[in-house]
J.: 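Here it is, the structure in full.
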Amino acid sequence: MEEADLFYRQLPKVELHAHLNGSVSFSTIEKLVARKPHLNIEHGMTAIRSGQRRTLDECFQVFKVIHQLVDTEEDILMVAKDVIREFAADGVKYLELRSTPRKEKTTGMTKRRYVETVIEAIRQCKNEGVDIEVRFLVAVDRRNGAEVAMETVKLAEDFMLSTGGLVVGLDLSGDPMVGHGRDLLPALQKAKNCGLKLSLHLSEVPSQADESELLLNIPPDRIGHGTFLHPEVGGSQSLVDKVRKHNTPLELCLTSNVKGQTVSSYSQHHFLYWYQMGHPSVLCCACFQTDDKGVFCTDLSQEYQLAASTFNLSQEDMWTLSQKAIDCTFAPDLQQQLHQKWLELRPTLFQL
Ligand SMILES: CC(C)=CCNc1ncnc2c1ncn2[C@@H]1O[C@H](COP(=O)(O)O)[C@@H](O)[C@H]1O
Ligand SMILES: [Zn+2]
């Protein structure tokens, strides 16, 4: 391994934007395919390899295939445990997983069992001594409308209260071209009021400025992507002002955006806009995450290295970025302990 690769792998990292079924690795897919040979699924259907690009729509088709492969409690348990172990092996010390609870008539899986199984996977990894803290965000798929969103919030609230702090928040995701956040506002507001932290995918595509304007008033606790918030790309100063007023951290996903073609190249990524502005969220924004490491064939170490080389940032800058991400987590009870861990690990990275 080259020295730079080693630095980014050893760099302790915080991963705040990991969709469970977007994070399934090649080896886990192989195990799933072996369990379900009748589906005739090949790996090319579940991943977007280096150099490949797809339209957003094509990317969302990939999730449909993965969902076919992951449709029992046993699958969820295996997938979640593999994903957690793989993030730990990549040097991630704190992970917030998110996933959309799914009911599968054919296998009898319920949404409640879905969430319970992910929680079980988190607990098992902890008991097995995997060196990573994991928290969970229950995801609302915008495609499913207001009623399902409200049910999902109730489910998330129940789990927040019954899991001793493992369920910390709610994610709003799903195909940005479908539905409008206006319909989901009551559910999101309810989530916020009952103490769930909110991470919302906002302005992932250019047509969402009105929706972002509305949802930023809640306000969310973090923003996923925010690709088209700023005026240069069709957003507005008013959107930027709202984000800045609340110091809302952004979760930025370079490879996901380039492969999904919402950003034309790495050097054009809006990371630079927010980083240069010195907006506090961007400094914490090592909540700069991989979004779907499995689907997009990347991992967080590579994303850090890519950002450093693209924007000419030093290892010291990247250290700071990763350290500041701790303050963006939805687990305030762990932040001090994580800062301590970073301090302890620093000498091994910089040979002080
Ligand atoms: C397609 C593309 C460019 C992806 C990156 N941007 C995304 N934007 C919005 N929602 C997403 C994205 N990636 C994953 N998701 C959500 O995460 C789900 C997969 O993970 P899970 O089943 O919730 O465990 C998808 O069905 C979708 O609802
Ligand atoms: Zn996402």
Side-chain angles (χ1 to χ4, degrees), residues 15-25 28-29 32 46-48 52-71 75-80 82-84 95-104 109 111 114-115 117-118 121 136-145 148-149 152 155-156 169-179 181 184 198-205 208 211-212 215 220 222-228 250-263 269 287-298 300 303:
E15 167 70 71
L16 300 180
H17 193 124
H19 298 275
L20 179 61
N21 286 297
S23 305
V24 191
S25 65
T28 307
I29 291 282
L32 291 164
T46 61
I48 302 165
Q52 284 184 343
R53 291 175 176 216
R54 304 265 178 100
T55 63
L56 263 193
D57 200 40
E58 287 166 334
C59 293
F60 279 99
Q61 296 301 326
V62 173
F63 294 119
K64 289 202 181 137
V65 178
I66 297 177
H67 286 161
Q68 275 183 283
L69 281 170
V70 185
D71 66 351
D75 297 336
I76 306 278
L77 188 70
M78 178 180 78
V79 163
D82 282 3
V83 165
I84 292 169
L95 164 67
E96 275 172 25
L97 268 183
R98 56 184 77 190
S99 195
T100 325
R102 243 178 320 124
K103 177 175 153 180
E104 289 288 348
M109 184 168 70
K111 292 187 179 182
Y114 186 105
V115 178
T117 308
V118 178
F136 187 57
L137 309 184
V138 179
V140 168
D141 185 335
R142 47 187 296 136
R143 188 184 48 175
N144 297 330
V148 173
T152 310
L155 193 68
L170 194 85
D171 155 65
L172 173 65
S173 52
D175 188 339
M177 306 300 278
V178 180
L184 308 173
L198 284 187
S199 170
L200 308 182
H201 283 63
L202 288 189
S203 287
E204 196 178 350
V205 292
Q208 289 181 296
E211 177 185 288
S212 295
L215 297 184
R222 289 198 312 253
I223 294 167
H225 302 294
T227 314
F228 296 94
L250 277 98
E251 303 156 0
L252 301 178
C253 315
L254 277 73
T255 298
S256 162
N257 296 153
V258 170
K259 289 196 176 179
Q261 299 186 16
T262 52
V263 171
H269 197 277
C287 342
F288 141 128
Q289 306 307 332
T290 61
D291 207 14
D292 303 329
K293 76 176 177 63
V295 172
F296 294 112
C297 299
T298 183
L300 192 53
E303 295 287 294

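Atoms within a ligand are numbered from 1 in the order they appear, just like the ligands themselves. Because the structure is a prediction, the values reported are computed rather than measured.
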J.: Is H67 near ligand 1, meaning one of its heavy atoms is under 4.0 Å from it?
T.: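 Heavy atoms of H67 do come under 4.0 Å of ligand 1.
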J.: May I ask you to list the atoms of ligand 1 that are less than 4.0 angstrom from any heavy atom of H19?
T.: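 So the answer, numbered in order with elements, is 11 (C), 12 (C), 13 (N), 14 (C), 15 (N), 16 (C), 17 (O), 20 (O).
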J.: Of all the heavy-atom pairs spanning L202 and S212, show the shortest one and how long it is.
T.: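 Scanning both residues, the minimum pair turns out to be CB-OG, 3.9 Å.
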J.: Look only at interatomic distance and state if G260 has a nitrogen or oxygen under 3.5 Å from any nitrogen or oxygen of ligand 1.
T.: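 No, G260 has no N/O under 3.5 Å of an N/O on ligand 1.
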J.: Would you say the side-chain atoms of R102 pair up with the backbone N or O of D71, donor to acceptor, closer than 3.5 Å?
T.: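 The answer is no, because no donor-acceptor pair under 3.5 Å joins these two groups.
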J.: Check for me whether H225 has a heavy atom closer than 4.0 Å to any atom of ligand 1.
T.: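 Checking ligand 1 against H225, which is what was asked, there is a heavy-atom contact under 4.0 Å.
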J.: To the nearest 10°, how many degrees is the angle H201 NE2 to the Zn ion (ligand 2) to H17 NE2?
T.: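 Answer comes to 100°, rounded to 10°.
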J.: Begin with the C-alpha distance, continue with both residues' side-chain angles, and end with the deciding distance and a verdict on side-chain contact (heavy atoms from CB on, under 4.5 Å) for R143 and T100.
T.: CA-CA 11 Å; R143 188 184 48 175; T100 325; over 6 Å; no
J.: Is the distance from the Zn ion (ligand 2) to the nearest N/O/S atom of H19 under 2.8 Å?
T.: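 Within the cut-off used here (under 2.8 Å), H19 does place an N, O or S atom near the Zn ion (ligand 2).
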J.: Of all the heavy-atom pairs spanning C253 and E303, show the shortest one and how long it is.
T.: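 Minimum heavy-atom contact is C-OE1, 4.3 Å.
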J.: Once the angle between the rings of H19 and H201 is folded into 0 to 90°, is it parallel (under 30°), tilted (30 to 60°) or perpendicular (over 60°)?
T.: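 Tilted.
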J.: Which pair of heavy atoms, one from G224 and one from H17, lies closest together, and at what distance?
T.: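 G224 and H17 have their closest heavy atoms at CA-CE1, 3.9 Å.
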J.: Under 4.0 Å from a heavy atom of L20: give me the atoms of ligand 1 that qualify, with their elements.
T.: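 Taking each heavy atom of L20 in turn, ligand 1 has 24 (O) under 4.0 Å.
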J.: Ignoring hydrogens, just give me the one of E204, K64, H17, Q261 whose non-hydrogen atom is nearest atom 8 (N) of ligand 1.
T.: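 Nearest heavy atom to atom 8 (N) of ligand 1 lies in E204.
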J.: My understanding is that we take every heavy atom of each candidate and find the minimum distance to atom 24 (O) of ligand 1. Doing that for S99, A80, A139, which one comes out nearest?
T.: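 That would be S99.
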J.: If you count the atoms of ligand 1 from 1 in the order shown, which ones are under 4.0 Å from a heavy atom of T100?
T.: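 Per the distance check, 21 (P), 23 (O).
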J.: Going by distance only, is there an N or O of S256 that falls short of 3.5 Å from an N or O of ligand 1?
T.: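 N/O-N/O distance under 3.5 Å: no.
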J.: Which pair of non-hydrogen atoms, one from I76 and one from V118, has the smallest distance, and what is that distance?
T.: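 Nearest pair, atom of I76 first, then V118: CG2-CG2, 3.7 Å.
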J.: For R98 and S173, run side-chain contact (heavy atoms from CB on, under 4.5 Å): C-alpha distance rounded to whole Å, both residues' side-chain angles, the deciding distance at 0.1 Å, then the answer.
T.: CA-CA 10 Å; R98 56 184 77 190; S173 52; 5.6 Å; no
